[in-house]
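Letters A, B, ... are given to chains in the order of the sequence lines, protein chains preceding strands, and every chain is numbered from 1.
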Amino acid sequence: MDKDFFEQVYQVVRLIPKGKVTSYGAIAAYLSAKRSSRVVGYAMNAAHTVKPRIPAHRVVNRVGLLTGKHHFETPFAMQAALEKEGIKVEDDQIVNFDKHFWDPSVNLKL
DNA sequence: CGATTGACGTACG
DNA sequence: TCGTACGCCAATC
């Protein structure tokens, strides 16, 4: 099994603290593949096929937009999950996204 | 095997 | 400042 890019992505997503969110580009950049941001999103697409469940609801695009909410079991699942963690979501967009933003590299540096 | 799409991001006009 | 175009990697048609 070639724990490829996908495994790495899942690993990072699982490391996202509760009440925090990150972006595809951040994960891609952390994996030194910022140019493959799309692949990160694709990995998330298959995230539901991996175990344990991947908190994909904590992963959004760089503007904090819940672009992938439509891929959840229900479009509300993502927003509900975020709000449940204390993150406000308005118009499918995370409020104070920059404030809730979490970078994988931060976890390492610290 | 070639073309298109996608949960993105950056560059250019 | 806003809108459009392109690139990047992988999977699907």
Side-chain angles (χ1 to χ4, degrees):
Chain A
M1 23 210 267
D2 332 72
K3 307 168 131 258
D4 288 36
F5 201 72
F6 284 48
E7 267 286 323
Q8 299 288 357
V9 173
Y10 304 143
Q11 196 87 37
V12 175
V13 175
R14 282 189 221 135
L15 291 173
I16 301 175
K18 187 178 175 186
K20 295 277 184 169
V21 290
T22 188
S23 61
Y24 305 94
I27 298 172
Y30 169 69
L31 299 176
S32 305
K34 57 187 177 187
R35 290 168 289 218
S36 307
S37 47
R38 306 185 84 141
V39 185
V40 177
Y42 205 93
M44 299 264 84
N45 189 358
H48 80 103
T49 65
V50 217
K51 42 182 178 114
R53 276 229 289 136
I54 310 287
H57 61 268
R58 292 181 187 156
V59 185
V60 294
N61 64 354
R62 79 163 188 95
V63 294
L65 194 69
L66 281 55
T67 50
K69 69 164 192 172
H70 205 63
H71 286 251
F72 279 75
E73 303 179 42
T74 58
F76 286 97
M78 190 170 188
Q79 182 170 339
L82 291 171
E83 289 185 332
K84 188 177 178 184
E85 297 189 353
I87 299 174
K88 288 184 180 176
V89 179
E90 190 174 297
D91 190 33
D92 299 338
Q93 188 173 315
I94 296 175
V95 182
N96 300 326
F97 173 64
D98 185 43
K99 192 165 153 176
H100 294 296
F101 183 75
W102 175 86
D103 201 314
S105 59
V106 176
N107 192 28
L108 298 180
K109 283 178 66 175
L110 199 66

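- Between the side chain of A/D103 and the backbone N or O of A/S105, at least one donor-acceptor pair lies under 3.5 Å.
- The hydrophobic cluster containing A/Y30 also contains A/F6, counting ILVMFWY residues as joined when their side-chain heavy atoms lie under 4.5 angstrom apart, directly or transitively.
- Residues of residues 11-18 of chain A that place a heavy atom closer than 4.0 Å to DNA chain B do not occur.
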For a quick test of your reading: what N or O donor-acceptor pairs under 3.5 Å do the side chains of residues 15-28 of chain A make, sequence neighbours left out?
unit_1, atom_1, unit_2, atom_2, d
A/T22, OG1, A/W102, O, 3.0
A/S23, OG, A/A26, N, 3.3
A/Y24, OH, A/V59, O, 3.4

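- Residues passing the side chain to side chain donor-acceptor pair (under 3.5 Å) test with A/E85 are A/H57, A/R58, sequence neighbours excluded.
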Practice problem: Heavy atoms under 4.0 Å is the rule here; annotate nucleotides 6-13 of chain C 5' to 3' with B where the base is hit, S where only the sugar-phosphate is, and - elsewhere. | Solution: -BBBSSS-

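- Put simply, chain A comes within 4.0 Å of DNA chain B, heavy atom to any atom, from B/dG6 to B/dT10, going 5' to 3'.
- Taking the C1' atoms as reference points, B/dA7 lies 22 Å from C/dG3, given to the whole Å.
- Partners of A/N96 under the side chain to side chain contact (heavy atoms under 4.5 Å, CB included) rule, at least two apart in sequence or in another chain, are A/K99, A/H100.
- Nearest heavy-atom pair, A/P104 versus A/V12, reported as atom, atom and distance to 0.1 Å: CB-CG1, 3.7 Å.
- Applying the side chain to side chain donor-acceptor pair (under 3.5 Å) definition to pairs two or more places apart or across chains, those involving residues 67-84 of chain A are A/K69-A/D92.
- In this structure, A/A46 reaches neither bases nor backbone, as no heavy-atom distance under 4.0 Å exists between it and the strands shown.
- As judged by a 4.0 angstrom heavy-atom cut-off over every strand, A/N61 is placed among residues touching the sugar-phosphate backbone only.
- Between the CD atom of A/Q11 and the CZ atom of A/R14 there is a distance of 5.5 Å, given to the nearest 0.5 Å.
- Of all the residues in residues 68-99 of chain A, not one reaches under 4.0 Å from DNA chain C with any non-hydrogen atom.
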Enumerate donor-acceptor pairs with a distance under 3.5 Å from any side-chain N or O in residues 37-55 of chain A to protein atoms, sequence neighbours excluded.
unit_1, atom_1, unit_2, atom_2, d
A/T49, OG1, A/A46, O, 2.3

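- Scanning for ring pair (Phe, Tyr, Trp, His ring centres under 6.0 Å) contacts around A/F97 gives A/F101, with sequence neighbours left out.
- Listed by chain and number, the residues in a side chain to side chain donor-acceptor pair (under 3.5 Å) with A/K34 amount to none (sequence neighbours excluded).
- Within the hydrophobic cluster formed by Ile, Leu, Val, Met, Phe, Trp and Tyr side chains joined at under 4.5 Å, directly or through other members, A/V63 is accompanied by A/L65.
- C/dC6 and B/dT4: their C1' atoms are spaced 15 Å apart (whole Å).
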